[in-house]
Amino acid sequence: AQTIHQWPVAEIKAVGSPLSLGCTIKGKSSPNLYWYWQATGGTLQQLFYSITVGQVESVVQLNLSASRPKDDQFILSTEKLLLSHSGFYLCAWRLGGQNTLYFGAGTRLSVL
Amino acid sequence: QQKVQQSPESLIVPEGAMTSLNCTFSDSASQYFAWYRQHSGKAPKALMSIFSNGEKEEGRFTIHLNKASLHFSLHIRDSQPSDSALYLCAVSDQGGRALIFGTGTTVSVSP
(Lines give C-alpha, C1' and ligand atoms only; values in the text may rest on other atoms or scores of the structure.)
Protein backbone atom coordinates (compact mmCIF):
# COMPACT_ATOMS: atom_id res chain seq x y z
CA ALA A 1 0.00 0.00 0.00
CA GLN A 2 1.24 3.46 -0.84
CA THR A 3 2.45 5.44 2.15
CA ILE A 4 2.07 8.89 0.64
CA HIS A 5 -0.73 10.05 -1.64
CA GLN A 6 -0.90 13.43 -3.34
CA TRP A 7 -3.91 14.96 -5.05
CA PRO A 8 -4.70 16.02 -7.65
CA VAL A 9 -2.23 14.48 -10.10
CA ALA A 10 -2.42 17.54 -12.34
CA GLU A 11 -4.23 20.87 -12.50
CA ILE A 12 -4.71 23.54 -15.14
CA LYS A 13 -5.84 26.78 -13.53
CA ALA A 14 -6.40 30.37 -14.53
CA VAL A 15 -4.34 33.26 -13.13
CA GLY A 16 -6.13 34.70 -10.12
CA SER A 17 -8.04 31.52 -9.28
CA PRO A 18 -7.66 29.69 -5.94
CA LEU A 19 -5.73 26.46 -5.45
CA SER A 20 -5.67 23.65 -2.94
CA LEU A 21 -3.25 20.70 -3.13
CA GLY A 22 -3.29 17.85 -0.68
CA CYS A 23 -1.07 15.14 0.71
CA THR A 24 -1.94 12.21 2.96
CA ILE A 25 0.49 9.92 4.78
CA LYS A 26 -0.69 6.49 5.85
CA GLY A 27 0.79 4.16 8.42
CA LYS A 28 3.33 6.57 9.90
CA SER A 29 2.87 8.18 13.28
CA SER A 30 3.63 11.91 13.55
CA PRO A 31 5.81 12.22 10.46
CA ASN A 32 7.63 15.42 9.57
CA LEU A 33 5.97 16.77 6.44
CA TYR A 34 7.34 19.01 3.69
CA TRP A 35 6.20 20.84 0.58
CA TYR A 36 8.69 21.35 -2.24
CA TRP A 37 8.30 23.14 -5.56
CA GLN A 38 10.22 22.29 -8.71
CA ALA A 39 10.37 24.30 -11.91
CA THR A 40 10.68 22.14 -15.05
CA GLY A 41 13.99 20.26 -14.87
CA GLY A 42 15.10 22.39 -11.96
CA THR A 43 16.08 21.99 -8.36
CA LEU A 44 13.72 21.37 -5.47
CA GLN A 45 12.83 24.49 -3.51
CA GLN A 46 11.53 23.81 -0.03
CA LEU A 47 8.35 25.80 0.71
CA PHE A 48 7.02 24.65 4.08
CA TYR A 49 7.61 22.04 6.74
CA SER A 50 5.63 20.75 9.70
CA ILE A 51 6.70 18.57 12.60
CA THR A 52 3.32 18.38 14.30
CA VAL A 53 -0.39 18.99 13.79
CA GLY A 54 -1.32 22.64 13.60
CA GLN A 55 2.26 23.87 13.28
CA VAL A 56 3.70 24.91 9.92
CA GLU A 57 6.94 26.77 9.29
CA SER A 58 7.47 28.75 6.11
CA VAL A 59 10.78 28.62 4.27
CA VAL A 60 9.84 30.41 1.06
CA GLN A 61 6.26 31.59 0.78
CA LEU A 62 5.82 32.46 -2.90
CA ASN A 63 2.31 33.77 -2.04
CA LEU A 64 1.31 30.29 -0.87
CA SER A 65 0.22 28.98 2.51
CA ALA A 66 0.20 25.57 4.12
CA SER A 67 -1.74 23.88 6.89
CA ARG A 68 -1.64 20.60 8.75
CA PRO A 69 -5.19 19.97 9.94
CA LYS A 70 -4.53 16.32 10.89
CA ASP A 71 -1.45 14.28 11.76
CA ASP A 72 -1.55 12.55 8.39
CA GLN A 73 -2.56 15.48 6.17
CA PHE A 74 -0.72 18.46 4.69
CA ILE A 75 -2.45 21.08 2.52
CA LEU A 76 -0.91 23.71 0.24
CA SER A 77 -3.12 26.55 -0.93
CA THR A 78 -3.46 30.05 -2.28
CA GLU A 79 -6.40 32.33 -2.90
CA LYS A 80 -4.91 33.85 -6.04
CA LEU A 81 -2.65 32.00 -8.45
CA LEU A 82 0.17 33.69 -10.35
CA LEU A 83 1.80 32.53 -13.59
CA SER A 84 4.97 31.89 -11.58
CA HIS A 85 3.17 29.21 -9.54
CA SER A 86 3.36 26.78 -12.45
CA GLY A 87 5.54 23.78 -11.76
CA PHE A 88 5.72 20.44 -9.98
CA TYR A 89 4.64 20.35 -6.33
CA LEU A 90 5.99 17.57 -4.20
CA CYS A 91 4.96 16.53 -0.73
CA ALA A 92 7.49 14.57 1.30
CA TRP A 93 7.72 12.90 4.68
CA ARG A 94 10.31 11.55 7.04
CA LEU A 95 10.25 10.28 10.59
CA GLY A 96 11.81 12.39 13.33
CA GLY A 97 15.46 11.52 13.87
CA GLN A 98 15.80 10.08 10.38
CA ASN A 99 17.24 11.84 7.37
CA THR A 100 15.83 10.22 4.24
CA LEU A 101 12.96 12.09 2.62
CA TYR A 102 10.25 10.09 0.85
CA PHE A 103 8.38 11.94 -1.84
CA GLY A 104 4.86 11.63 -3.16
CA ALA A 105 4.19 11.34 -6.89
CA GLY A 106 3.64 15.09 -7.16
CA THR A 107 1.09 17.46 -8.65
CA ARG A 108 1.84 19.14 -11.94
CA LEU A 109 0.33 22.63 -11.99
CA SER A 110 -0.09 24.79 -15.08
CA VAL A 111 -1.27 28.33 -14.54
CA LEU A 112 -2.53 30.04 -17.71
CA GLN B 1 21.71 29.47 4.70
CA GLN B 2 23.36 26.45 3.18
CA LYS B 3 24.14 26.86 -0.54
CA VAL B 4 24.45 23.75 -2.67
CA GLN B 5 25.79 23.73 -6.23
CA GLN B 6 26.23 20.87 -8.69
CA SER B 7 28.42 20.29 -11.71
CA PRO B 8 28.19 19.65 -14.53
CA GLU B 9 24.68 20.84 -15.44
CA SER B 10 24.28 17.99 -17.90
CA LEU B 11 26.25 14.99 -19.05
CA ILE B 12 26.10 12.47 -21.88
CA VAL B 13 27.78 9.17 -21.07
CA PRO B 14 28.19 6.07 -23.27
CA GLU B 15 26.69 2.87 -21.91
CA GLY B 16 29.19 1.00 -19.76
CA ALA B 17 31.25 4.08 -18.88
CA MET B 18 31.71 5.77 -15.51
CA THR B 19 29.46 8.72 -14.61
CA SER B 20 30.91 11.24 -12.14
CA LEU B 21 28.82 13.95 -10.51
CA ASN B 22 29.95 16.73 -8.19
CA CYS B 23 28.33 18.70 -5.41
CA THR B 24 29.70 21.60 -3.37
CA PHE B 25 28.16 23.07 -0.24
CA SER B 26 28.85 26.16 1.86
CA ASP B 27 28.45 25.04 5.49
CA SER B 28 30.69 22.26 6.82
CA ALA B 29 28.50 21.90 9.93
CA SER B 30 26.02 19.78 7.97
CA GLN B 31 25.79 16.20 9.14
CA TYR B 32 24.04 14.42 6.30
CA PHE B 33 24.82 14.27 2.60
CA ALA B 34 22.74 12.42 0.04
CA TRP B 35 22.08 11.85 -3.62
CA TYR B 36 18.58 11.60 -5.06
CA ARG B 37 17.61 10.44 -8.52
CA GLN B 38 14.56 11.67 -10.42
CA HIS B 39 13.39 10.04 -13.63
CA SER B 40 11.45 12.27 -15.99
CA GLY B 41 7.99 13.11 -14.64
CA LYS B 42 8.50 11.08 -11.47
CA ALA B 43 9.23 11.84 -7.84
CA PRO B 44 12.82 12.00 -6.58
CA LYS B 45 14.07 8.90 -4.76
CA ALA B 46 16.97 8.61 -2.36
CA LEU B 47 19.96 6.79 -3.83
CA MET B 48 22.72 6.93 -1.24
CA SER B 49 23.78 8.93 1.77
CA ILE B 50 26.85 9.47 3.90
CA PHE B 51 27.48 11.08 7.28
CA SER B 52 31.25 11.28 7.69
CA ASN B 53 34.31 11.84 5.53
CA GLY B 54 35.30 9.00 3.29
CA GLU B 55 33.79 6.71 0.76
CA LYS B 56 30.81 4.40 0.65
CA GLU B 57 29.98 1.88 -2.06
CA GLU B 58 26.65 0.24 -2.83
CA GLY B 59 26.60 -1.89 -5.96
CA ARG B 60 27.53 0.29 -8.95
CA PHE B 61 27.28 3.50 -6.91
CA THR B 62 30.04 5.14 -4.84
CA ILE B 63 29.76 8.32 -2.81
CA HIS B 64 32.78 10.35 -1.62
CA LEU B 65 32.65 13.07 1.02
CA ASN B 66 35.35 15.60 1.90
CA LYS B 67 33.98 18.08 4.42
CA ALA B 68 37.17 20.16 4.53
CA SER B 69 36.84 20.75 0.78
CA LEU B 70 33.07 21.27 1.09
CA HIS B 71 32.64 18.68 -1.65
CA PHE B 72 31.00 15.35 -2.23
CA SER B 73 30.52 13.26 -5.33
CA LEU B 74 28.66 10.34 -6.83
CA HIS B 75 30.22 7.84 -9.21
CA ILE B 76 28.21 5.35 -11.21
CA ARG B 77 30.18 2.43 -12.58
CA ASP B 78 29.03 0.63 -15.76
CA SER B 79 26.37 3.24 -16.53
CA GLN B 80 23.10 1.93 -18.00
CA PRO B 81 20.40 3.67 -20.07
CA SER B 82 18.11 3.26 -17.04
CA ASP B 83 20.51 5.56 -15.13
CA SER B 84 19.40 8.44 -17.37
CA ALA B 85 17.75 10.90 -14.98
CA LEU B 86 18.11 14.15 -13.06
CA TYR B 87 20.53 13.69 -10.14
CA LEU B 88 20.11 15.97 -7.14
CA CYS B 89 22.54 16.21 -4.27
CA ALA B 90 21.15 17.17 -0.88
CA VAL B 91 22.65 18.47 2.34
CA SER B 92 20.95 18.78 5.71
CA ASP B 93 20.46 22.32 6.96
CA GLN B 94 21.79 23.49 10.34
CA GLY B 95 18.56 23.01 12.19
CA GLY B 96 17.99 19.63 10.57
CA ARG B 97 14.63 20.91 9.43
CA ALA B 98 15.00 19.54 5.95
CA LEU B 99 17.29 18.94 3.04
CA ILE B 100 18.70 21.65 0.82
CA PHE B 101 18.90 20.38 -2.72
CA GLY B 102 21.50 21.22 -5.34
CA THR B 103 20.92 22.66 -8.78
CA GLY B 104 20.79 19.22 -10.43
CA THR B 105 22.72 17.34 -13.12
CA THR B 106 20.87 15.79 -16.03
CA VAL B 107 22.51 12.52 -17.07
CA SER B 108 21.85 10.81 -20.39
CA VAL B 109 23.35 7.37 -20.95
CA SER B 110 23.52 6.54 -24.64
CA PRO B 111 23.20 2.88 -25.72
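Numbers restart at 1 for each chain; the letters A, B, ... are given by sequence-line order, proteins then strands. None of these values were measured; they are calculated from a predicted model.
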* Go through the atoms of B:L99 and report whether side chain, backbone, both or neither lie under 4.5 Å from a heavy atom of chain A. => both

* **From CA spacing to verdict: side chain to side chain contact (heavy atoms under 4.5 Å, CB included), B:E57, B:R77** => CA-CA 11 Å; B:E57 182 177 333; B:R77 182 171 40 86; 4.0 Å; yes

* Asked: Nearest heavy-atom pair of B:S84 and B:V109: which atoms, and what distance?
  -> OG-N, 2.8 Å

* Are there residues of residues 44-60 of chain A that reach to under 4.5 Å of chain B by heavy atoms, and which ones? -> A:L44, A:Q46, A:Y49

* **Portion of A:L101 that has a non-hydrogen atom of chain B nearer than 4.5 angstrom** => both

* Asked: For B:S26 and B:Q2, does a side-chain donor sit closer than 3.5 Å to a side-chain acceptor?
  -> yes

* Asked: Can you name the closest pair of heavy atoms from A:S67 and A:F74 and give their distance?
  -> O-CD1, 3.2 Å

* **Heavy-atom side-chain proximity of B:T62 to B:E55 below 4.5 angstrom** => yes

* Are the ring centres of A:Y36 and A:F103 closer than 6.0 Å? -> yes

* Asked: If you group Ile, Leu, Val, Met, Phe, Trp and Tyr by side-chain heavy-atom gaps below 4.5 Å, do B:Y32 and B:M48 land in one group?
  -> no

* Answer with side chain, backbone, both or neither: which region of B:Q38 has an atom nearer than 4.5 Å to a non-hydrogen atom of chain A? => side chain

* Side chain to side chain, A:I4 and A:C23, heavy atoms closer than 4.5 Å -> yes

* Who wins among B:G102, B:S49, B:A46, B:G104 for the most heavy-atom pairs under 4.5 Å with chain A? -> B:G102

